[in-house]
Amino acid sequence: MIIGNWKCNGSNEMIVSWCADYDRELNGNDAYVAVAPPSIYFSKFNSENKLSNIVGWGAQDVDHLDGSRTGAISVDMLVDTECGFSIIGHSERRQIFNEDNSLIREKLKSLNKRIMTILCIGEAKEENDKGITKDVLKDQLEIVNGLELDTEFTVAYEPVWAIGSGLTPEPKDINEIHKYIKDVVQSNSENNLSPKVLYGGSVTDKNAESFFKEEFVDGALIGGASLDGSTYAKIVNIFNGIDK
Ligand code: PEP
């Protein structure tokens, strides 16, 4: 699974050229590959207006309630579209919008079994330096405790210090963390689900292969490199070339 998070980027013109570049570079595809554009552009990707062979699209975040919540988009609204997933818990939502684990758990509960959830977790640089990465991730994963999770529930491991920095952990360390995440979710969810785990943080067409080769890396969540259709297709081609 490869997911591109466009964050607050995009325009009508950018989407047209992105789609043309993506389709030109892609060598066919068997995987679930999607982008999360700003929600105002969702209709550019639906089956009526589809500009590209990209498989799907989804939301960068969602609100767990509806009604008097200016600016919010609810799960029911996502269900009304062809939205394939919603990301929740991105470190930018945690830092800039002060979202905490209890709010993110509410979002997970409202999406669960309705729209595929991609839960982002990751440690800060100081936490990594102190050697407490697993403790931090375990704490963030507490939100799954006691929930019967949808079988499509997915985690994205995104070390905060790797996002947009050009820095990444070593592939073997990512692999070990992904195994740990699968084990923690399996032990704590009601239905003992072992989720797919994506890696996110400075993935490019130059380093993607080193991550995808690792046993417990089920794909990637990509920020900056997903904004160029041709680079994104190159990463998808690399993923498809590895027997998963
Ligand atoms: C992200 O913000 O989810 C991300 C992975 O960003 P980048 O690929 O730019 O590091």
Side-chain angles (χ1 to χ4, degrees), residues 1-10 14 18 21-22 25 31-39 41 54 56-62 83-99 104 107-108 111 116-125 127-128 133 136-137 140-141 143 153-171 173-175 177-178 181 195-212 214 216-239:
M1 182 190 300
I2 308 287
I3 305 289
N5 176 10
W6 285 8
K7 310 188 183 183
C8 195
N9 294 290
M14 176 269 195
W18 189 98
D21 293 345
Y22 177 80
E25 192 67 42
Y32 182 73
V33 178
V35 287
S39 54
Y41 296 120
I54 189 103
W57 50 271
Q60 297 174 13
D61 196 56
V62 71
C83 180
F85 63 89
S86 178
I87 298 170
I88 55 172
H90 193 280
S91 61
E92 289 158 12
R93 299 294 313 178
R94 294 177 194 259
Q95 285 170 351
I96 306 170
F97 301 95
N98 293 320
E99 295 194 1
I104 298 164
K107 293 187 182 203
L108 169 58
L111 284 164
M116 177 167 72
T117 304
I118 301 178
L119 169 68
C120 297
I121 58 171
E123 81 288 1
K125 172 88 175 72
E127 294 163 338
N128 187 279
T133 295
V136 172
L137 300 180
Q140 292 174 340
L141 286 171
I143 72 163
F153 172 75
T154 298
V155 176
Y157 170 51
E158 299 208 307
V160 180
W161 52 273
I163 294 179
S165 64
L167 303 172
T168 67
E170 290 299 320
D173 295 336
I174 294 174
N175 199 45
I177 292 289
H178 281 210
I181 291 169
K196 279 201 168 66
V197 183
L198 312 179
Y199 169 69
S202 295
V203 175
T204 66
D205 53 328
K206 306 288 179 295
N207 61 16
E209 188 175 10
S210 67
F211 306 129
F212 296 157
E214 296 293 333
F216 299 111
V217 175
D218 300 310
L221 177 57
I222 301 169
S226 73
L227 292 173
D228 181 279
S230 153
T231 306
Y232 195 56
K234 282 183 190 157
I235 296 172
V236 174
N237 291 339
I238 294 165
F239 187 71

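Computed over heavy atoms, backbone and side chain alike; hydrogens, waters and symmetry mates excluded. Everything numeric in this text was worked out from a predicted model, so none of it was measured. Just so you know, ligand 1 is whichever comes first in the structure, and atom 1 is the first atom listed for that ligand.
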Per-atom contacts, ligand 1 versus [X] - under 4.0 Å to a heavy atom:
X: Leu221; answer: 5 (C)
X: Gly224; answer: 7 (P), 8 (O), 9 (O)
X: Lys7; answer: 1 (C), 2 (O), 6 (O)
X: Gly201; answer: 5 (C), 10 (O)
X: Gly223; answer: 4 (C), 5 (C), 6 (O), 7 (P), 8 (O), 9 (O)

For atom 5 (C) of ligand 1, grab the closest protein heavy atom and report residue, atom and distance to one decimal in Å.
Glu158 OE2, 3.1 Å
shortest atom 1 (C) of ligand 1-to-protein heavy-atom contact is with His90 NE2, 3.3 Å
Distance, nearest 0.5 Å, that separates OG1 of Thr168 from CG of Asn207:
6.0 Å
To the nearest 0.5 Å, how far apart are OH in Tyr22 and CD1 in Ile54?
4.0 Å
Step through it carefully: locate the ring centre of Tyr232, locate the ring centre of Trp18, and say whether they are under 6.0 Å apart.
yes
For the 3.5 Å polar cut-off, considering only N or O atoms, please tell me whether Ser202 and ligand 1 meet it.
yes
Could you pull out the closest heavy-atom pair between [X] and [Y], with the gap in Å?
X: Trp161; Y: Glu123; result: NE1-OE2, 2.9 Å
X: Ser91; Y: Val160; result: CB-CG2, 3.9 Å
X: Leu198; Y: Ile3; result: CD1-CG1, 4.1 Å

Hey, is Ala225 one of the residues with a heavy atom under 4.0 angstrom from ligand 1?
no
Taking the six-membered ring for Trp, are His178 and Tyr199 parallel (under 30°), tilted (30 to 60°) or perpendicular (over 60°)?
tilted
